[in-house]
Novice: 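Questions regarding the structure given below will be posed in turn.
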Amino acid sequence: LKPKPVADAGLDQSICAGSSAILRASGGSSFKWSNNATTSEITVTPAASQSFSVTVTQDGCEATDQVNVNVKTLPVANAGLDQSICAGSSAILRASGGSSFKWSDNATTSEISVSPGTTQSFSVTVTEDGCEATDQVNITVKPKPIASAGVDQSICAGSSAILRASGGSSFKWSNNATTSEITVSPASTQSFSVTVTQDGCDATDQVNITVKPKPIASAGVD
């Protein structure tokens, strides 16, 4: 009477969707898996949780064992919507879909603040129950306009100066005027600043108006 072999298909395993599991059988000299593989060690990539059985043979006698491969669903990573910012500004990125996070800049919080100098993409890997997924967000960096309030001027007291701004599609002067060209009549030396806006980005420049006192004319006594 020949003893039956003791078949062992290995311990049950858990894998993430899309990953593989290595199954190792023992207990005999030949093997036949339920997927028709005939080696003691096989690699399987089931799309869903599945059981695999192996029949081992030793000295003409057979025995069977089974191993379960649990397939865990991948998390749904979300790095947030693409954003546009002005050069020199910051963007707040918020990731979701997992219990832990790893950004491409090595930050490990779900929410980060970034200030890229040029248009750049940031990716985040989220992890849930040992499984990972990655998503990407694009940050478009718009150049700041080049604001110009014009050259400094000198005027005589009681006169006016015409200021002409350029560099944007809309304008806001420090005296609340909103046209590119304004006329000012300061009583004393004064600076005027203008904020120009182009494609949602702002820049500011300043012009100085020097007011010269009028001379006191005298033609002498009658």
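Throughout, residue positions are numbered sequentially from 1 according to the sequence presented.
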Novice: Can you tell me how far apart OG1 (Thr204) and CG (Asp202) are? Round to the nearest 0.5 Å.
Specialist: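 Taking OG1 in Thr204 and CG in Asp202, the distance rounds to 7.0 Å.
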
Novice: Report yes or no: does Lys144 contribute a side-chain atom to a donor-acceptor pair with the main-chain N or O of Gly88 at less than 3.5 Å?
Specialist: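 A pair under 3.5 Å: no.
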
Novice: Compare every heavy atom of Ser14 with every heavy atom of Lys72, then report the nearest pair and how far apart it is.
Specialist: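 Taking Lys72 first and Ser14 second, the nearest heavy atoms are CE-CB, 4.3 Å.
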
Novice: Looking at every non-hydrogen atom in both residues, tell me the closest pair between Gly150 and Asp205 and how far apart they are.
Specialist: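 For Gly150 versus Asp205, the nearest heavy atoms are N-OD2, 4.4 Å.
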
Novice: Can Leu163 and Ile209 be said to form a side chain to side chain contact (heavy atoms under 4.5 Å, CB included), step by step?
Specialist: CA-CA 10 Å; Leu163 310 183; Ile209 307 299; 3.5 Å; yes

Novice: Side-chain contact, heavy-atom cut-off 4.5 Å: Cys131 with Pro75?
Specialist: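 The answer is yes, as the side chains (C-beta and beyond) meet within the 4.5 Å cut-off.
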
Novice: Could you state the interatomic distance from OG (Ser191) to CD (Gln206), rounded to the nearest 0.5 Å?
Specialist: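 The OG atom of Ser191 sits 4.0 Å away from the CD atom of Gln206.
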
Novice: Determine the minimum heavy-atom distance between Ser89 and Ile85, stating which atoms define it.
Specialist: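 The pair with the smallest heavy-atom distance is O-CD1, 3.5 Å.
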
Novice: Do Gln120 and Val141 come within less than 4.5 Å of each other through their side chains, counting heavy atoms only?
Specialist: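 They are not in side-chain contact.
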
Novice: With the side chain counted from C-beta on, respond yes when Glu132 and Cys16 share a heavy-atom pair under 4.5 Å apart, and no when they do not.
Specialist: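 A side-chain contact is absent here, since even the closest heavy-atom pair is not under 4.5 Å.
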
Novice: Roughly how far, to the nearest 0.5 Å, is the CD atom of Gln66 from the CG atom of Asp12?
Specialist: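 Rounded to the nearest 0.5 Å, the CG-CD separation comes to 8.5 Å.
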
Novice: Return the CG to CD distance between Asn68 and Gln50, rounded to the nearest 0.5 Å.
Specialist: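 Nearest 0.5 Å value for the CG-CD distance: 10.0 Å.
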
Novice: I'd like to check Pro5 versus Cys61 (side-chain heavy atoms, cut-off strictly below 4.5 Å). Are they in contact?
Specialist: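 Counting from C-beta outward, Pro5 and Cys61 do come under 4.5 Å.
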
Novice: Measure across Val67 and Leu11 and return the closest heavy-atom pair with its distance rounded to 0.1 Å.
Specialist: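 In this case the closest contact between Val67 and Leu11 is CG2-O, 3.1 Å.
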
Novice: To the nearest 0.5 Å, what is the distance between OG (Ser30) and NZ (Lys32)?
Specialist: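 The NZ atom of Lys32 is 10.0 Å from OG of Ser30, to the nearest 0.5 Å.
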
Novice: Do the side chains of Cys201 and Pro145 get nearer than 4.5 Å, heavy atoms only?
Specialist: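 Counting from C-beta outward, Pro145 and Cys201 do come under 4.5 Å.
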
Novice: Is there a donor-acceptor pair under 3.5 Å between the side chain of Lys2 and the backbone N or O of Asp59?
Specialist: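 Looks like yes, one N/O pair under 3.5 Å.
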
Novice: Do Thr125 and Thr134 have a side chain donor and acceptor closer than 3.5 Å?
Specialist: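 There is such a pair (donor and acceptor under 3.5 Å, judged by atom type) between the side chains of Thr125 and Thr134.
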
Novice: Is there a donor-acceptor contact under 3.5 Å from the side chain of Thr210 to the main chain of Ser154?
Specialist: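 Between the backbone of Ser154 and the side chain of Thr210 there is no qualifying donor-acceptor contact (under 3.5 Å).
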
Novice: For the residue pair Ser90 and Ser113, what are the closest heavy atoms and their distance?
Specialist: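 Answer, listing the atom of Ser90 first, then Ser113: CB-OG, 3.7 Å.
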
Novice: Counting N and O atoms only, with roles assigned by atom type, does the side chain of Gln198 sit under 3.5 Å from a partner on the main chain of Ser169, one being a donor and the other an acceptor?
Specialist: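 Yes.
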
Novice: Please name the pair of heavy atoms, one in Ile22 and one in Glu41, separated by the smallest distance, quoted to 0.1 Å.
Specialist: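 The pair with the smallest heavy-atom distance is CG2-CG, 3.5 Å.
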
Novice: So among Thr179, Val196, Thr195, which one has a side-chain contact (heavy atoms from CB on, under 4.5 Å) with Phe171?
Specialist: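 For Phe171, the side-chain contact (heavy atoms from CB on, under 4.5 Å) check succeeds only for Val196.
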
Novice: What's the separation between atom CG in Leu81 and atom CG in Asn138, rounded to the nearest 0.5 Å?
Specialist: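 Atom-to-atom, Leu81:CG and Asn138:CG are 11.0 Å apart.
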
Novice: Is the backbone N or O of Gly27 less than 3.5 Å from a side-chain atom of Asp8, with the two atoms forming a donor-acceptor pair by type?
Specialist: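 Looks like no, no N/O pair under 3.5 Å.
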
Novice: I'd like to know if the side chain of Ser148 reaches the main chain of Ala165, judged simply by a donor and an acceptor atom lying under 3.5 Å from each other, with no hydrogens or angles considered.
Specialist: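 No, the answer is negative, given that no donor and acceptor are paired below the 3.5 Å cut-off.
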
